[in-house]
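The block underneath contains the structure these notes are about, expressed in structure tokens.
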Protein chains: 2
Amino acid sequence: MDEIDRKLIAHAQNDGRASYAEMGAAVGLSVSAVNERLKKLQASGAITGWGARASAEALGLDLLAFVHVLLERPEHEAAFRQTMRDTPAVQECHHVTGEWSYLLKVRVANTAALERFLTERLKTVPGLGRSHTVIVLSTVKETPALPTE
Amino acid sequence: MDEIDRKLIAHAQNDGRASYAEMGAAVGLSVSAVNERLKKLQASGAITGWGARASAEALGLDLLAFVHVLLERPEHEAAFRQTMRDTPAVQECHHVTGEWSYLLKVRVANTAALERFLTERLKTVPGLGRSHTVIVLSTVKETPALPTE
DNA sequence: CTTGAAAGGTGATTACG
DNA sequence: CGTAATCACCTTTCAAG
């Protein structure tokens, strides 16, 4: 993982359909070298996959919310985590420090869908305590690309 | 944007390097139809781009934090937003409801880098009030793919 | 790592049903 | 939307410097 690898990852994150020739030109490598490095980066797990980036609006997902969750009973953690993994609306689920146990990033169509998630998915989990929902009014920045600097 | 488009987006999100033939087989379309639909989805903005997914650990980004920010003076919003856009460590920046103004998702190497971000980047913004940082202990789920169901 | 070459696959476009 | 055909480009692998 040298400086060239970082540049390569940065470029691959922002233009995943670029040809090896283009990537090579961007980082100063030949096509063969790009091929080899990308293969190694994927084998080592530095690059985990490739994917299209979709627009939430276009998919009708007009509501983004962060939900803070308190889980008082540790014996119910496994069930809670599995529910989060199985729920498509949950984009992220983090175990966090502070007054709450978990922080969720939830994307749904509207407030009705958010209500369904909260009442039918979240509050039905055994051992679940309070929760606190923060609605996103607008997004200034949101990139799936990791910083390489 | 019909059911096939949604399936196509779902597949493209999870396997961005699949050939048109593979995507066609997955959603029940011919290669030509996949080609046409993907082009339309990109022209309409439903698909905004393609990119590699990288591992935060591999890039040495061992610390993930959510930073709640209070911005009391509205006249300094533009400068604050620009700073967030210009800071690679800031993966997300949302304007939110509740007791805080903004919620940031910040990814850095370690606590020292987090301290640098907070003192040198964030607290130097004019008009910035209090902030509250939540550290991620572990991540149960984190996907850049939007739900299509 | 680079160059060059060879083989097969793919993206993009066209035409027709 | 499907099939078929075309062509330029691309991916992949290999050998040699």
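In what follows, chains carry the letters A, B, and so on, assigned in the order in which the sequence lines appear, proteins first and then strands, with residues in each chain numbered from 1.
Rounded to whole Å, atom P of dG2(D) lies 9 Å from atom CD of Glu36(B). Gln42(B) places its CD atom 12 Å from the P atom of dG11(C), with the value rounded to the nearest Å. We find that CG of Leu29(B) is positioned 15 Å from P of dG11(C), with the value rounded to whole Å. Arg37(B) has its CZ atom 18 Å from the P atom of dT13(C), to the nearest Å. What separates NZ of Lys40(B) from P of dC1(D) is a distance of 7 Å, to the nearest Å. Rounded to whole Å, atom P of dT3(C) lies 15 Å from atom CG of Asn35(A). Between the CG atom of Asp15(A) and the C1' atom of dC10(D) there is a distance of 15 Å, given to the nearest Å. The NZ-P distance, from Lys39(A) to dT11(D), rounds to 12 Å in whole Å.
Of all nucleotides listed (dT13(C), dT3(D), dT13(D)), dT3(D) comes nearest to the side chain of Ser30(B).
Residue His95(A) comes nearest to Ser101(A) through the heavy atom pair CD2-O, 3.1 Å, listed as atom of the first residue, atom of the second, then distance.
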Hey, mind stepping through Gln42(B) and Trp50(B) against side-chain hydrogen bond (donor to acceptor under 3.5 Å, both in side chains) and telling me if it holds?
CA-CA 10 Å; Gln42(B) 288 173 89; Trp50(B) 305 77; 3.1 Å; yes
Full working for side-chain hydrogen bond (donor to acceptor under 3.5 Å, both in side chains) between His94(B) and Glu92(B)
CA-CA 7 Å; His94(B) 306 279; Glu92(B) 302 182 20; 2.7 Å; yes
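Closest-nucleotide positions on DNA chain D for Arg17(B) and Asp2(B) were compared, and the one nearer the 5' end corresponds to Asp2(B). Where Ala33(A) and Val31(B) meet DNA chain C, the nucleotide closest to each residue was compared, and Ala33(A) sits on the side nearer the 5' end.
Here the rule is side-chain contact (heavy atoms from CB on, under 4.5 Å) with Leu38(A), and of Asp5(A), Ile9(A), Ile47(A) only Ile47(A) fits it.
The base of dT3(D) is paired with the side chain of Ser32(B) by a donor and an acceptor separated by under 3.5 Å.
At dC10(D), one or more side-chain N or O atoms of Ser19(A) fall inside 4.0 Å of OP1 or OP2 (strictly under the cut-off). The phosphate of dC9(D) has neither OP1 nor OP2 within less than 4.0 Å of any side-chain N or O from Tyr20(A).
Ring-plane geometry between His68(A) and Trp100(A) is classed as tilted, the angle between the planes lying from 30 to 60 degrees on a 0 to 90 degree scale.
Within 4.0 Å of Gly24(B), counting heavy atoms only, lies no atom of the nucleic acid at all.
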